[in-house]
Student: 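This is the structure, below, for whatever I ask next.
First the proteins, then the strands, lettered A, B, ... as listed; each starts at 1.
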Number of protein chains: 2
Amino acid sequence: MLKGHQSWLFENKPVILSTATVVGPEEGAGPLERDFDVIHEDMTLGQTSWEKAEKKLMEEAANLAIKKSGVNKGSIQFYLGGDLLNQIISNSFAARTLAIPYIGIFGACSTSMEGLALASLIVNAGAADHAMCGTCSHNCTVEKQFRYPTEYGSQKPPTAQYTVTGAGAAIVGRTGEGPVVTGATIGKVMDMGITDPFNMGAAMSPAAADTLQAHFRDFQREPGYYDLIVTGDLAAVGYDITKGLLKKHKVPMEQTTFKDCGLMVFDREKQGVQAGGSGCGCSAVVSYGHIMKQLKEGKLRRVLVVATGALLSPLSYQQGESIPCIAHAVAIENERS
Amino acid sequence: MLKGHQSWLFENKPVILSTATVVGPEEGAGPLERDFDVIHEDMTLGQTSWEKAEKKLMEEAANLAIKKSGVNKGSIQFYLGGDLLNQIISNSFAARTLAIPYIGIFGACSTSMEGLALASLIVNAGAADHAMCGTCSHNCTVEKQFRYPTEYGSQKPPTAQYTVTGAGAAIVGRTGEGPVVTGATIGKVMDMGITDPFNMGAAMSPAAADTLQAHFRDFQREPGYYDLIVTGDLAAVGYDITKGLLKKHKVPMEQTTFKDCGLMVFDREKQGVQAGGSGCGCSAVVSYGHIMKQLKEGKLRRVLVVATGALLSPLSYQQGESIPCIAHAVAIENERS
C-alpha cells in the first residue's frame, strides 16, 4: 500500500458509498447552493449555543450520509472525525450520539482529507467493511475561539478568510457503487515563519505546494493525470502564492484545472468574505457536495483534493510562534466514466 | 485485519523497535524512576513557557526513540501524535521539528493507544515500513488550560488527579527485534452524565469497562490471556468503579493482574497527587517505560493497555455538558518468551 515515501496506493479501491453536506445560510446563498443536501437559514439550528449548533451540523451530516449509503448504522465499524474547536468537541460529542467506535483526528482544515485518507486506508486494508469520516466548522464558534468575541464585530483585513458554517461526512465501503479513493499523500508540517492569523492562506501555501509535489513524485504522475486539482481553503491570497510556488518549482499545473474550495464556496463579489472561505467545513462541503456530484454525473473523472490546515492555536500565536501548516491529498476517481 | 466488530488483529505482528520516555521531576521521584530514559529536574526544560517545555518533552522523546531504534529518521514514513493542548500544538510543533509526514490525532489521555493502534495498523497493512507514534502532557499547561491559572494554587478535591509531566514515543516497524503489537480495540464514546472535571476517573470508568468487554468479545478471549491488563489513568476512584462494573458484568478479571497507570506512576502515600496520575503522558510513560522494559526482560509476556480519555473541553463543561469518554486497547506481546 505504501507508495513512494509518504503516499498510499489503495489497490482495492475503497468506494465512497455516499456523502452528505449540511450548511448555513451564507453557504446556501453562494454559487454551490444546489450541491448541498441541507441549508439551514438559522445559524443556531435552534440550539442554545453555537457550539451545540456546530455539533448538530455534524450529527445531521453523519446521519444523512448513513441514510444515503443504505448501510445499517451498526455495520459502520469506525468513525473518524475532528474539527477546529478545542478538544474537537463537535466530533467527540457527535460520536457520542452516533455510538460508532471513534477515532479522533486533527489536522485543522485538512481534517477532511486526513479523515478520508485514513478511512480509505482502513477499508483498503480490510480493517473495516465500512468506515465513516467527517468534519465541520461554524463561523461563530471559530471566530470567538481563534480571533475576537463574535458580537464584537471587529473589522478584518482583506487577507482574512470567512469560516464556512457546514459539515460534511462520507461513508467508505469495501464494495458498492460510487467514486473510488485511489490514493492519498500525507503531508509534512511546513512553516515559513508567518505569524499573522489573519493571513492563513499565505501560511498554508508552502504546505499545499509541498504535498502536491510529494504526490506527483510518489505516484510518478503529472498534474494532467487529474481533470481537477483542488486545494482546501487557500482563498485568494494563498491560491496565488501556491500557483507561484508551483510555477517556481516547474510543476506543470497548466495541464489541469486548478481550483480552491475557499474560492468556490462563496461569491467574493457579492458576499463579504474577504479573501474567501476557510474552516474544516470548507473543503468538506465543497468536496462532498459539489465535487462528488460532478464525479457521479461523469463531469469529472479524476480529482485530487489537497486539504490544507493551519495548525496554530490562539495561545501559540500569542506566544509569538509562527503558524505551522499541513496539507493532505486524496485522489478520488470515477471508475465508471 | 478486522476482528469482530471494533477490533483489529495484526497478523503481520508489527514490532515495537524502540520506545523512549522523558519525564518531569515528580514522575522521576515516583516508583518507576528507573524505567524512564530522561528525568528533567526543571519543569521549564529551560524554555520560556510551559507550552514550549511540553513541546520539548515531545521532541526529546521522539528523537530518543528514533535514535534507540537504529532506524534512519528519513526512513520513518509517518508520525502519529496528539496531546491535550488546544489544537494539539505540542505535537504539531514537534512534527514541524521532526519533518516526518504527520497525522494529528486526538483521544485526550487515550491518545497513546490510539496512536499505537493506528501506527500498528499502518505497518501491518504495508502502508509504511516504519511509523512513529507519540504523546505528551505537562502538569502546568494542562492545569491552566482545563482548570485554574497554575499560579493560583487552588485546592483540589480528593477525586482530582495529577497530570503527568512526560512524553512517550514508540517506533513501530515491519521487521526487527522487540515486543509485537498483536491487536487493538477502538472504543465507543461513553457518557454516563458526570459533569465534574475534578472527577475524571469516574467519568472514564464506563468507557474502560466497555472497551475491555468489546476486546474480549471481538477476540473471543478471557482476561486470563494476558499477564497484565492496565488501564490508562483511571486512578483510585475510577479504578475501583471499573473493577465494580466489570464484576457486575461477570468479566473474570481475577484471572489476570489488573492495574492502572495512574496508580503506578506516583506513590500516593508520599506524593500529593490526590487520586493518582492522569494526562496523555501518564499511560504513555508507564507503557513505553515500565511495561516495555518488563516485556523485554521477559517478566511480562502478554499485556493489554487500555488507555482512557475524557473528551471534554473547558467550554463544553462550562456550557453544562457532561463528559464524554473513550478508551482504546492495544495488545502487546513478547513473542520471544
Side-chain angles (χ1 to χ4, degrees), chain A residues 1-2 5-6 8 48-49 51-52 74 77-78 82 84-89 92-108 110-111 114 117-118 121-122 124-129 145 185-191 214 309 311-316 319 321 324 326 328, chain B residues 1-2 5-6 8 48-49 51-52 74 77-78 82 84-89 91-93 95-108 110-111 114 117-118 121-122 124-129 145 185-191 214 309 311-316 319 321 324 326 328:
Chain A
M1 200 166 346
L2 180 65
H5 182 66
Q6 61 195 85
W8 297 322
T48 54
S49 76
E51 288 75 17
K52 288 182 169 62
Q77 279 104 0
F78 305 103
L84 286 165
L85 292 196
N86 292 340
Q87 284 68 55
I88 60 168
I89 45 169
S92 298
F93 282 82
R96 178 179 70 182
T97 313
L98 294 165
I100 297 170
Y102 170 59
I103 297 170
I105 57 174
F106 180 77
S110 73
T111 302
E114 181 182 341
L118 285 172
L121 172 97
I122 287 171
N124 190 67
D129 297 321
Q145 181 180 283
T185 299
I186 299 298
K188 284 182 191 173
V189 177
M190 304 290 287
D191 190 335
L311 305 172
L312 84 166
S313 83
L315 190 74
S316 73
Q319 291 187 354
E321 286 272 13
I326 198 160
H328 302 302
Chain B
M1 200 166 349
L2 180 66
H5 182 66
Q6 63 195 86
W8 296 323
T48 54
S49 76
E51 288 74 18
K52 288 183 169 59
Q77 279 105 358
F78 305 102
L84 286 166
L85 291 197
N86 293 340
Q87 284 68 54
I88 59 166
I89 45 169
N91 272 271
S92 297
F93 282 81
R96 177 179 71 182
T97 312
L98 293 165
I100 298 170
Y102 171 57
I103 298 170
I105 58 174
F106 179 76
S110 73
T111 302
E114 180 182 341
L118 285 171
L121 171 98
I122 288 171
N124 191 66
D129 296 322
Q145 182 180 281
T185 300
I186 298 297
K188 284 182 192 172
V189 176
M190 304 291 288
D191 190 335
L311 305 171
L312 83 165
S313 83
L315 190 73
S316 73
Q319 290 187 354
E321 286 272 13
I326 200 160
H328 302 302

Student: Between chain A and each of B/Glu321, B/His328, B/His5, count heavy-atom pairs under 4.5 Å; write down the option with the most.
Tutor: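 Most heavy-atom pairs within the cutoff with chain A belong to B/Glu321.
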
Student: For chain A, which of B/Leu84, B/Val189, B/Ile326 has the most heavy-atom pairs under 4.5 Å?
Tutor: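 Winner by heavy-atom pair count: B/Val189.
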
Student: Which value, rounded to the nearest 0.5 Å, describes the distance between B/Lys52 atom NZ and B/Ile89 atom CD1?
Tutor: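 So the NZ of B/Lys52 and the CD1 of B/Ile89 are separated by 9.0 Å.
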
Student: For chain A, find which of B/Ala117, B/Ser316, B/Ser110, B/Ala108 contributes the most heavy-atom pairs closer than 4.5 angstrom.
Tutor: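 Option with the top pair count is B/Ser316.
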
Student: Check each atom of A/Ile100 against the heavy atoms of chain B and say whether the ones under 4.5 Å are side chain, backbone, both or neither.
Tutor: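 Backbone only.
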
Student: For B/Leu311, is it the side chain, the backbone, both or neither that has a heavy atom under 4.5 Å from a heavy atom of chain A?
Tutor: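 Both backbone and side chain.
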
Student: So, do B/Leu118 and A/Ile103 sit near enough that their side-chain heavy atoms are less than 4.5 Å apart?
Tutor: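 Yes; the side chains approach each other to less than 4.5 Å.
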
Student: Which bit of B/Ser92 comes within less than 4.5 Å of chain A, counting heavy atoms only: side chain, backbone, both or neither?
Tutor: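 For B/Ser92, backbone and side chain are both near chain A.
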
Student: Can you tell which part of B/Leu121 gets under 4.5 Å to a heavy atom of chain A, answering side chain, backbone, both or neither?
Tutor: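 Looking at B/Leu121, just its side chain touches chain A.
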
Student: What part of B/Asn124 is in contact with chain A, defined as an atom under 4.5 angstrom from a non-hydrogen atom: side chain, backbone, both or neither?
Tutor: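 Nothing of B/Asn124, per the 4.5 Å heavy-atom cut-off to chain A.
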
Student: What is the minimum heavy-atom distance between B/Pro324 and B/Asp191, and which atoms define it?
Tutor: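 Where B/Pro324 meets B/Asp191 most closely, the heavy atoms are N-OD2, 3.5 Å.
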
Student: Are A/Leu315 and B/Asn86 packed together at the side-chain level, in the sense that at least one heavy-atom pair is separated by less than 4.5 angstrom?
Tutor: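 Of all side-chain heavy-atom pairs linking B/Asn86 with A/Leu315, none is under 4.5 Å.
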
Student: Is any side-chain heavy atom of B/Gln145 closer than 4.5 Å to a side-chain heavy atom of A/Gln87?
Tutor: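 Yes, their side chains come closer than 4.5 Å.
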
Student: Counting only heavy atoms closer than 4.5 Å, note whether B/Glu114 contacts chain A via side chain, backbone, both or neither.
Tutor: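 Only the side chain of B/Glu114 comes within 4.5 Å of chain A.
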
Student: Is chain A contacted by the side chain of B/Tyr102, its backbone, both, or neither, given a heavy-atom distance below 4.5 Å?
Tutor: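 For B/Tyr102, heavy atoms of backbone and side chain both lie under 4.5 Å from chain A.
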
Student: Pick one of side chain, backbone, both or neither for A/Leu98, based on which atoms fall under 4.5 Å of a heavy atom in chain B.
Tutor: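 No part of A/Leu98 comes within 4.5 Å of chain B.
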
Student: I need the B/Ile186 CD1 to A/Ile122 CD1 distance, nearest 0.5 Å.
Tutor: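 If I round to the nearest 0.5 Å, the distance is 7.5 Å.
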
Student: I want to check something: taking the side chain as every heavy atom from C-beta on, are B/Phe106 and B/Asn91 in contact at a cut-off of under 4.5 Å?
Tutor: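 In short, these two side chains do not touch, never coming nearer than 4.5 Å.
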
Student: Look at B/Pro101, B/Ala95, B/Gly309, B/Gly126 and state which one has the largest set of heavy-atom pairs under 4.5 Å with chain A.
Tutor: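 Result: the option with the highest number of such pairs is B/Pro101.
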
Student: Would you call A/Ile105 and A/Thr111 a side-chain contact if the rule is heavy atoms closer than 4.5 Å?
Tutor: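 In contact.
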
Student: Please find the pair of heavy atoms, one from B/Gln6 and one from B/Gly187, that lie closest to each other, and give the distance.
Tutor: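 Between these two residues, the closest heavy atoms are NE2-CA, 4.0 Å.
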
Student: Return the option, out of B/Ala125, B/Ser313, B/Ala127, B/Ala128, with the maximum number of heavy-atom pairs under 4.5 Å with chain A.
Tutor: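 Ranked by contacts with chain A, first place is B/Ala127.
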
